[in-house]
Peer 1: 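The structure is given below, and queries will be raised subsequently.
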Amino acid sequence: MNAYAPFVPHALASDGLVIGAIVVCEIAFWAFLALGLLARYALRARRLGAVLLLCVPLTDLALVAFSVADLRSGGTAGATHGLAAVYLGVSIGFGPEIVRRADAWSAHRAGSGPAPAKPPESGPERTRYEWRLWRRCVTACAVAAALTLLMSVVAAPGARASGLWNLVAQFALVTVVWLAVGPLRYRHRAIRDRKRV
């Protein structure tokens with residue numbers, strides 16, 4: 001008989017609930033973003049738009065609160081909780097840029113702003129752009145690691161939290177690969193182009 005058999009139904013239910021919470025938060029993120037921009041530009045209700053846009057990061061906090069509550073109530077610390085941490089890290093690292101770009105695009109479409117700037121194609125400007133993106137990725141990875149540590153600490157006593165770290169380790173690997181194919185590659189190109197001139 002499997003020693004973990006009594007815990008399997010709760011573990012499966014817990015994983016399903018966390019995945020469901022991630023899906024709900026992702027939908028809420030985009031819904032609040034779209035409604036906030038719609039209120040700000042189509043309805044000209046700037047205050048309502050600001051309140052709705054403020055709800056965008058609150059959806060992420062709700063996901064963290066849900067994940068921590070699930071772990072405290074005996075949920076098995078695993079990949080789904082790690083995914084919640086990575087989701088929040090990505091949202092914190094890249095969310096402000098997504099909101100800023102969506103706001104600039106909406107302002108342009110509504111006729112109250114210039115066309116959003118496109119990323120530079122080459123040169124030192126492109127290298128600086130790539131470094132900014134990579135720093136966002138590092139921020140996302142650091143937030144995910146910090147939240148994973150928090151979840152490891154608050155997990156119910158006796159819970160094995162090693163499964164939490166697998167996804168964060170993979171995210172760290174993505175961050176290292178991004179460094180190589182992003183900023184370092186464009187830096188190398190910029191140096192090579194400078195030598196040709």
Side-chain angles (χ1 to χ4, degrees), residues 12-71 75 78-120 129-148 150-151 164 166-168 170-175 177-178 181-182:
L12 291 177
S14 174
D15 284 351
L17 287 174
V18 174
I19 290 172
I22 292 169
V23 169
V24 166
C25 285
E26 180 69 10
I27 291 169
F29 176 91
W30 291 105
F32 281 126
L33 179 60
L35 291 172
L37 295 174
L38 180 71
R40 178 178 278 185
Y41 295 107
L43 303 176
R44 304 273 186 227
R46 295 191 68 75
R47 190 171 288 173
L48 175 62
V51 169
L52 289 168
L53 290 174
L54 181 64
C55 292
V56 170
L58 295 179
T59 60
D60 300 328
L61 292 176
L63 178 60
V64 170
F66 180 84
S67 298
V68 168
D70 182 60
L71 287 172
T80 53
H81 293 90
L83 180 61
V86 168
Y87 171 85
L88 184 62
V90 169
S91 188
I92 289 173
F94 292 96
E97 178 70 8
I98 291 170
V99 171
R100 187 188 65 73
R101 291 182 66 82
D103 189 42
W105 180 83
S106 298
H108 174 66
R109 297 290 293 171
S112 60
K118 293 186 178 180
Y129 173 80
E130 291 294 330
W131 279 111
R132 278 193 304 272
L133 282 181
W134 184 75
R135 281 192 299 270
R136 289 185 180 282
C137 185
V138 169
T139 299
C141 191
V143 168
L147 286 172
T148 301
L150 172 71
M151 288 184 199
L164 281 170
N166 294 337
L167 208 53
V168 174
Q170 292 171 12
F171 193 18
L173 179 63
V174 166
T175 303
V177 170
W178 189 327
V181 300

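A quick note: this is a predicted structure, and the numbers were derived from the prediction, not measured.
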Peer 1: What are the two closest heavy atoms between Thr139 and Gly93, and how far apart are they?
Peer 2: CG2-CA, 4.3 Å
Peer 1: Got a sec, which residues hit side-chain hydrogen bond (donor to acceptor under 3.5 Å, both in side chains) with Tyr129, two or more places apart in sequence or on another chain?
Peer 2: none
Peer 1: Considering only residues two or more places apart or on different chains, which pairs with a residue in residues 31-53 satisfy ring-ring contact (aromatic ring centres under 6.0 Å, His included)?
Peer 2: none
Peer 1: State, to 0.1 Å, how close Gly89 and Val143 come at their nearest heavy-atom pair, and which atoms those are.
Peer 2: CA-CG1, 3.7 Å
Peer 1: Only counting residues at least two apart or in another chain, list the ones meeting side-chain contact (heavy atoms from CB on, under 4.5 Å) with Val24.
Peer 2: none
Peer 1: If I compare all heavy atoms of Gly182 with all of Glu130, which pair ends up nearest, and what's the gap?
Peer 2: CA-OE1, 3.7 Å
Peer 1: Once side chain to side chain donor-acceptor pair (under 3.5 Å) is applied, what residue pairs with a partner in residues 25-40 remain, sequence neighbours excluded?
Peer 2: Glu26-Trp30, Glu26-Tyr87, Arg40-Asp103
Peer 1: Test: ring-ring contact (aromatic ring centres under 6.0 Å, His included). Region: residues 91-118. Which pairs qualify, not counting sequence neighbours?
Peer 2: Phe94-Trp178
Peer 1: Report yes if the side chains of Leu61 and Leu58 come closer than 4.5 Å at any heavy-atom pair, otherwise no.
Peer 2: yes
Peer 1: Over all heavy atoms of both residues, which pair between Val68 and Leu150 is shortest? Give the atoms and the distance, please.
Peer 2: CG2-CD2, 4.4 Å
Peer 1: In chain order, what residues pass the side-chain hydrogen bond (donor to acceptor under 3.5 Å, both in side chains) check against Ser106, with sequence neighbours excluded?
Peer 2: none
Peer 1: As a test of understanding, state which of Val86, Val64, Ile92 forms a side chain to side chain contact (heavy atoms under 4.5 Å, CB included) with Leu147.
Peer 2: Val64
Peer 1: If you compare all heavy atoms of Ala144 against all heavy atoms of Val168, which two are closest, and at what distance to 0.1 Å?
Peer 2: O-CG2, 4.0 Å
Peer 1: Pairs of donor and acceptor atoms involving the side chains of residues 47-57, under 3.5 Å and at least two apart or interchain, shall be tabulated with distances.
Peer 2:
none

Peer 1: Could I get the full list of side-chain contact (heavy atoms from CB on, under 4.5 Å) partners for Ser91, not counting sequence neighbours?
Peer 2: Phe29, Asp60
Peer 1: Roughly how far, to the nearest 0.5 Å, is CD1 of Ile22 from CG of Leu63?
Peer 2: 5.5 Å
Peer 1: Ignoring hydrogens, what is the shortest heavy-atom contact between Ser67 and His81? Give both atom names and the distance.
Peer 2: O-CD2, 3.8 Å
Peer 1: Quick one: salt bridge (Lys or Arg N to Asp or Glu O under 4.0 Å) partners of Glu97, sequence neighbours excluded?
Peer 2: Arg100, Arg136
